[in-house]
*Asks:* 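Questions regarding the structure given below will be posed in turn.
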Amino acid sequence: MKNCKNRLVMLLIALLLFQGAISCGNRSQVVNYEMPKQAAHTLSFFGNKYEAVNVEVIEDIMNGYMDQNPDINVIYESIKGSAYFESLRNRQKTENLDDIFIVNHDTALEFAADGSLADLSELAEYIPFSESMLEQMTSSDGNIYWMPATISAFGLYCNLDLLHEHGYTAPKTLAQWKTICEFFVQKGVTPIVANNDTSLKTLAEAVGFYPLYEKGIQKEAFAGISRKEKKLSSYLADGFTLIREFCDKGYINPAQALKTEETSDDLELFVQGEAPFMLTGVWAAGRLKSMQPGFSFRVVPYPALEDGSVLVIHPDVCLSIAADGENQELAKDFADYFLKTENIWRLADQQASFCPLKDGYEPSMVEIQEIARSYKKQNAVIGSDSFMQFPVWDILTETSQRLLAGQQLEELMEWMDVQVMER
């Protein structure tokens, strides 16, 4: 019955419309709806910033650029984690690089050697990068193939409530850190959440490379390794020895860490509130906070020295442009807009990172204030220092994973040195 009524209503409406059309005669109108103007140019932008919280500012910057340039459309595509760099390498090998994309130390080194990256030296002249960052950006041939939007850091996340409950505070020295870890091990708790990527390699670098930076001889040392005159293990053996000790004493669960993905599984484990520490990138602080962990936390530099701590940093959101791209000049124009001071400040603050420009800024997150103070003091190791002319990031990731899998330390150091020698 209901369907019959509906059909009757539709029939009456049709009749009324038909009568209206007859009465109007030649006065009937054809309404043209103006279609949105199609952009004359499209820029493809490929990156590894994936989560919505990390992409928000990037999209705002893109929208600002497109508002100023209505004839240009920018399309951003992203893949998370290590899978991104695998995809980026595949695109480069098949000559399908996007107009603009994000690189890290290792991919920038590879692509520049293959002639896949455009020289950005002229563009970089108009962006007020700090002298130390310009030094990192300038390749051995004098060109600039990437420009950073942020400087990321790696730190020790501390569950302050759990520490305070047992009479402890965030550790500032290696001895303090070990004491707290031993206490929790005795209670049957694995004290450190670690992932299978950045956690261990950056800790090893903090221990092994800090003496070089402290003495100001890191450039010479890294150049010696790059020329295959020195062994990487001669600097990092102490760092990986410390990690082996942490695994053997139960401070880190190697089997669990081996399957723990960065900025995902590690956060899920830490947010449970059972472990007092987590080793991962400082940029995850915002995401951790959004997970409402139920406890207060702080991120501090690695308490990896007998008398203090070390901050490990690296240039991040590094923009490169395809050397043979059809839209190279437009891509440079977009990069210039993306790296405007106000955009960099917003991006760095949103991602709990630091500014690569001469004039810095104060991060708004109180949870990373101690990291910020350490960064200001320049008490830092660059985990992906450009003077290391070999794929340090990839080599140390696999070194860490092999250690977690149980490979003997001496054999592991030999394997690591072979990887450098063969590159």
Side-chain angles (χ1 to χ4, degrees), residues 80-83 85-86 152-159 162-163 171 174 177-178 180-208 236-285 287-288 291 293 297 299-304 310 312 314 383-384 392-413 415-416 419:
K80 184 181 178 182
S82 58
F85 292 103
E86 180 181 350
S152 293
F154 303 90
L156 181 69
Y157 285 68
C158 301
N159 181 331
L162 186 58
L163 291 173
L174 183 58
W177 194 13
K178 288 183 177 182
I180 299 172
C181 286
E182 193 63 38
F183 171 82
F184 279 93
V185 166
Q186 294 302 317
K187 291 177 63 66
V189 175
T190 301
I192 302 174
V193 173
N195 61 57
N196 59 16
D197 189 356
T198 59
S199 290
L200 304 188
K201 69 184 181 186
T202 53
L203 177 57
E205 289 180 315
V207 174
L236 291 184
D238 288 346
F240 281 107
T241 298
L242 177 66
I243 294 168
R244 172 66 76 195
E245 177 189 346
F246 276 25
C247 291
D248 291 345
K249 289 185 174 181
Y251 301 170
I252 294 172
N253 182 330
Q256 183 183 66
L258 189 57
K259 62 182 182 182
T260 298
E261 295 296 324
E262 178 192 33
T263 324
S264 56
D265 298 337
D266 49 4
L267 300 187
E268 294 291 345
L269 289 169
F270 187 62
V271 80
Q272 294 174 14
E274 298 175 1
F277 304 119
M278 175 175 65
L279 295 167
T280 198
V282 178
W283 63 83
R287 182 174 176 186
L288 177 62
M291 295 170 72
F297 71 92
V299 192
V300 301
Y302 291 151
V310 181
V312 180
H314 82 141
S384 55
V392 60
W393 227 224
D394 289 345
I395 290 173
L396 294 188
T397 293
E398 188 168 351
T399 301
S400 301
Q401 292 171 350
R402 285 170 172 264
L403 184 149
L404 291 172
Q407 187 168 355
Q408 294 298 311
L409 193 61
E410 184 176 349
E411 179 185 343
L412 182 60
M413 293 297 96
W415 176 88
M416 183 176 68
Q419 304 313 300

*Asks:* So, do Ile192 and Cys181 sit near enough that their side-chain heavy atoms are less than 4.5 Å apart?
*Replies:* yes
*Asks:* Below 4.5 Å, heavy atoms only, C-beta onward: do Val207 and Tyr302 meet side chain to side chain?
*Replies:* no
*Asks:* Identify the heavy atoms of Cys247 and Leu404 that sit nearest to each other, and give their distance.
*Replies:* SG-CD2, 4.2 Å
*Asks:* Looking only at atom types and distance, does a side-chain atom of Asp266 sit under 3.5 Å from a main-chain N or O of Ser264, one as donor and one as acceptor?
*Replies:* yes
*Asks:* Of all the heavy-atom pairs spanning Leu236 and Ala204, show the shortest one and how long it is.
*Replies:* CD2-O, 3.6 Å
*Asks:* Between Leu267 and Tyr157, is any pair of side-chain heavy atoms under 4.5 Å apart?
*Replies:* no
*Asks:* Let me confirm one number: the CZ-CE distance from Phe240 to Met416, rounded to the nearest 0.5 Å.
*Replies:* 6.0 Å
*Asks:* Does any pair with a residue in residues 247-266 pass ring pair (Phe, Tyr, Trp, His ring centres under 6.0 Å), and if so which ones, sequence neighbours excluded?
*Replies:* Phe246-Tyr251
*Asks:* What's the separation between atom CG in Leu242 and atom CG in Leu203, rounded to the nearest 0.5 Å?
*Replies:* 5.5 Å
*Asks:* As an exercise, state the distance from CD of Gln407 to CE of Met413, rounded to the nearest 0.5 Å.
*Replies:* 8.5 Å
*Asks:* Got a sec, which pairs hit salt bridge (charged side-chain N to carboxylate O under 4.0 Å, His left out) with one end in residues 186-199, sequence neighbours left out?
*Replies:* Asp197-Lys201
*Asks:* Can you measure from CG (Leu200) to CD1 (Ile252) and round to the nearest 0.5 angstrom?
*Replies:* 5.0 Å
*Asks:* Can you list everything that forms a salt bridge (Lys or Arg N to Asp or Glu O under 4.0 Å) with Arg402? Sequence neighbours excluded, please.
*Replies:* Glu398
*Asks:* Applying salt bridge (charged side-chain N to carboxylate O under 4.0 Å, His left out), which residue pairs with at least one partner in residues 246-262 are found, sequence neighbours left out?
*Replies:* Glu245-Lys249
*Asks:* In chain order, what residues pass the side chain to side chain donor-acceptor pair (under 3.5 Å) check against Gln272, with sequence neighbours excluded?
*Replies:* none
*Asks:* Would you say Phe184 and Leu162 make side-chain contact, with heavy atoms under 4.5 Å?
*Replies:* yes
*Asks:* Please report the closest heavy-atom contact between Pro191 and Ala275, naming both atoms and the distance.
*Replies:* O-CB, 3.7 Å
*Asks:* Measure the NE2-OG1 distance between His314 and Thr198 for me, rounded to the nearest 0.5 Å.
*Replies:* 8.5 Å
*Asks:* Taking all non-hydrogen atoms of both residues, which atom of Val300 and which atom of Cys158 are closest, and how far apart?
*Replies:* CG2-SG, 4.0 Å
*Asks:* Using ring-ring contact (aromatic ring centres under 6.0 Å, His included) as the criterion, list what pairs up with Phe270, not counting sequence neighbours.
*Replies:* Phe295
*Asks:* Can you measure from CG (Leu412) to CD (Gln401) and round to the nearest 0.5 angstrom?
*Replies:* 11.5 Å
*Asks:* I want to check something: taking the side chain as every heavy atom from C-beta on, are Glu205 and Phe154 in contact at a cut-off of under 4.5 Å?
*Replies:* no
*Asks:* Please check if the side chain of Asn159 supplies one atom and the backbone of Pro276 the other of a donor-acceptor pair under 3.5 Å.
*Replies:* no
*Asks:* Does any part of the side chain of Asp265, heavy atoms only, come nearer than 4.5 Å to the side chain of Gln256, both counted from C-beta?
*Replies:* no
*Asks:* Taking the side chain as every heavy atom from C-beta outward, state whether Leu163 and Phe277 have any pair of such atoms under 4.5 Å apart.
*Replies:* yes
*Asks:* Do Leu156 and Leu279 have side chains that get closer than 4.5 Å, going by heavy atoms?
*Replies:* yes
*Asks:* Over all heavy atoms of both residues, which pair between Ala285 and Val299 is shortest? Give the atoms and the distance, please.
*Replies:* CB-CG2, 4.4 Å
*Asks:* For Ala284 versus Thr263, what's the shortest heavy-atom pair and its separation?
*Replies:* CB-CG2, 3.7 Å
